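Take a look at the structure below.
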Protein chains: 2
Amino acid sequence: MTETTERARRGPRGEYAKTGAKREAILAAALGVFAESGYRAGSLREIATRVGMSEAGLLHHFPNKEALLAAVLDRRDGDDLSRVHIIVDAEDGAETLRGLVELAAHNASVPGVVELYCTLSAEATSPDHPAHGYFLGRYDWARGMVGRAFERIARDGRLREGADPARAAIATLALMDGLQVQWLLNRDVVDMSEALREYFAGLVADF
Amino acid sequence: MTETTERARRGPRGEYAKTGAKREAILAAALGVFAESGYRAGSLREIATRVGMSEAGLLHHFPNKEALLAAVLDRRDGDDLSRVHIIVDAEDGAETLRGLVELAAHNASVPGVVELYCTLSAEATSPDHPAHGYFLGRYDWARGMVGRAFERIARDGRLREGADPARAAIATLALMDGLQVQWLLNRDVVDMSEALREYFAGLVADF
DNA sequence: GTCTATACATCGATAGAC
DNA sequence: GTCTATCGATGTATAGAC
């Protein structure tokens, strides 16, 4: 990115830097509210209250509710991508899968984020939801990423007989999502990373 | 059930029988609205419009919104239990699992019901959600039912080495739930029953 | 049994003072 | 940059006529 576009993104006087702290606080509060109530039922009022501002003050930083949701998802993607970017293109597919197990273990330490994606992904199955396109793209990307890992595993002759890389990728993501629902309902009965590890162990030789 | 309690449940003049048709219509409309928008964001107004009534007319049949949700879930449970009651106690555990594959195939023909449970289960992870207790009990029951099937399979020596019945049950339910999310987002890329069958095939000998 | 009318809360968003 | 004030829409629920 050139310095010109960088300055353009921040505006002529570096507005982001000035109001950065408030923006972060707003995004954190918005994440919590959207996680607990979803997008449609979550209110700007509740977000504003949590961050100690009026609604008008909040809407000075984000033009409207939809833009705020987009910003929350954007921010999470930045964090998550930096967490998994190492494992995406591992030459050993099993290394990528181990990264997913690690991700599941990490998720157990940030229940708010898990709640956010769990609630929003279900809500966003409706075609008219503001985040519908976001989740379509996210799952496409994830299926491709995990599918390629399984393809490398199959190439190395370590994928179980009869298993298909693309379908294994779908099942992997499904398992991760479904585990989150049960974990959010009752955190004592579910160990997300262990369940995922066992699934991989049944699918990949010497996992 | 004695005839006395039966009459008591219906009221002295058999109210249920008289208004049964309207109740059914309301429940069907409510299922659609709660499925598309969830409970919190779904409105009585929308339900009343779909069924061709006023809001006040609707609230003559159900005292409030929460009771309407409870009635919708009650009705679905009646239908679903009659569908799977045969397979719950099959002497052959694999027979129960095959019933689940069949259930997944059936679900693909009733997207509205899938949407309802997908949306509500995510929403109801919040402890203050009206359906929180319902889903806690539902998952407990389902984990026990599927877990016992896997135990019978293990007893018959058909469960894969190293697999645990209780954990397999958790993963099975998680897989079914997660497949529904991806299927609702994009029905072309996911075959729910086939994915479930492949999972069982990797876990149970000669499935 | 269904309606109109209405009460009353809460929502997203805007205008304009400071 | 944050506030108060306010608008118009929408939400649940109740009262009472028919």
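Owing to the predicted nature of the structure, the values given are computational and were not obtained by experimental measurement. Just so it is clear: chains get the letters A, B, ... in the order the sequence lines come, proteins before strands, and each one is counted from 1.
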For atom [atom1] of [X] and atom [atom2] of [N], their distance in whole Å:
X: B:I47; N: C:dT2; atom1: CD1; atom2: P; value: 16 Å
X: B:R45; N: C:dT6; atom1: CZ; atom2: C1'; value: 12 Å
X: B:L44; N: D:dT14; atom1: CG; atom2: C1'; value: 13 Å
X: B:E46; N: D:dT12; atom1: CD; atom2: C1'; value: 15 Å
X: A:I26; N: D:dT2; atom1: CD1; atom2: C1'; value: 11 Å
X: A:R40; N: C:dG12; atom1: CZ; atom2: P; value: 14 Å
X: B:L59; N: D:dA15; atom1: CG; atom2: P; value: 12 Å
X: A:L68; N: C:dA13; atom1: CG; atom2: C1'; value: 14 Å

**Message:** Do B:Y117 and B:N107 pair up side chain to side chain, a donor and an acceptor below 3.5 Å, judged on atom types alone?
**Reply:** no
**Asked** When you look at A:R75 and A:E24, which way does the salt bridge (charged side-chain N to carboxylate O under 4.0 Å, His left out) test go after all the steps?
**Response** CA-CA 9 Å; A:R75 193 193 179 292; A:E24 284 304 301; 2.7 Å; yes
**Prompt:** How sharply is the helix from C:dG1-D:dC18 to C:dC18-D:dG1 bent, taking the axes over five pairs at either end and rounding to 10 degrees?
**Reply:**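 Inter-axis angle at the ends, rounded: 0°.
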**Asked** Are any of the side-chain nitrogens in A:R83 or A:D80 under 4.0 Å away from the carboxylate oxygens of its partner?
**Response**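 Here A:R83 does not pair with A:D80 in a salt bridge, since their nearest N and O are not under 4.0 Å apart.
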**Item:** Side-chain ion pair, A:E151 and A:R155, N-O less than 4.0 Å
**Value:** no
**Prompt:** Does OP1 or OP2 of D:dG1 have a side-chain N or O of A:H60 closer than 4.0 Å?
**Reply:** yes
**Item:** Distance-minimising heavy-atom pair for A:A174 and B:L179
**Value:** CB-N, 3.4 Å
**Prompt:** Quick one: is the NZ or CZ of A:R167 closer than 6.0 Å to the six-membered ring centre of A:F150, and within 45° of its axis?
**Reply:**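 No, cation not above the ring by the 6.0 Å, 45° rule.
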**Request:** Go through the steps for A:E46 and A:R50 under the test salt bridge (charged side-chain N to carboxylate O under 4.0 Å, His left out), then give the verdict.
**Result:** CA-CA 6 Å; A:E46 173 68 17; A:R50 290 197 192 185; 2.8 Å; yes
**Residue pairs, two or more places apart or on separate chains, that pass salt bridge (charged side-chain N to carboxylate O under 4.0 Å, His left out) and touch residues 132-141 of chain A** =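 Listed once each, the pairs are A:D77-A:R138, A:D140-A:R143.
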Write out a two-atom table: protein N or O, nucleotide N or O from nucleotides 3-5 of chain D, distance below 3.5 Å.
{"from": "D:dC3", "atom 1": "OP2", "to": "A:S54", "atom 2": "N", "distance (Å)": "2.8"}
{"from": "D:dC3", "atom 1": "OP2", "to": "A:S54", "atom 2": "OG", "distance (Å)": "3.0"}

**Prompt:** Aromatic rings A:Y39 and A:F34: how do their planes relate, parallel, tilted or perpendicular, breaks at 30° and 60°?
**Reply:** tilted
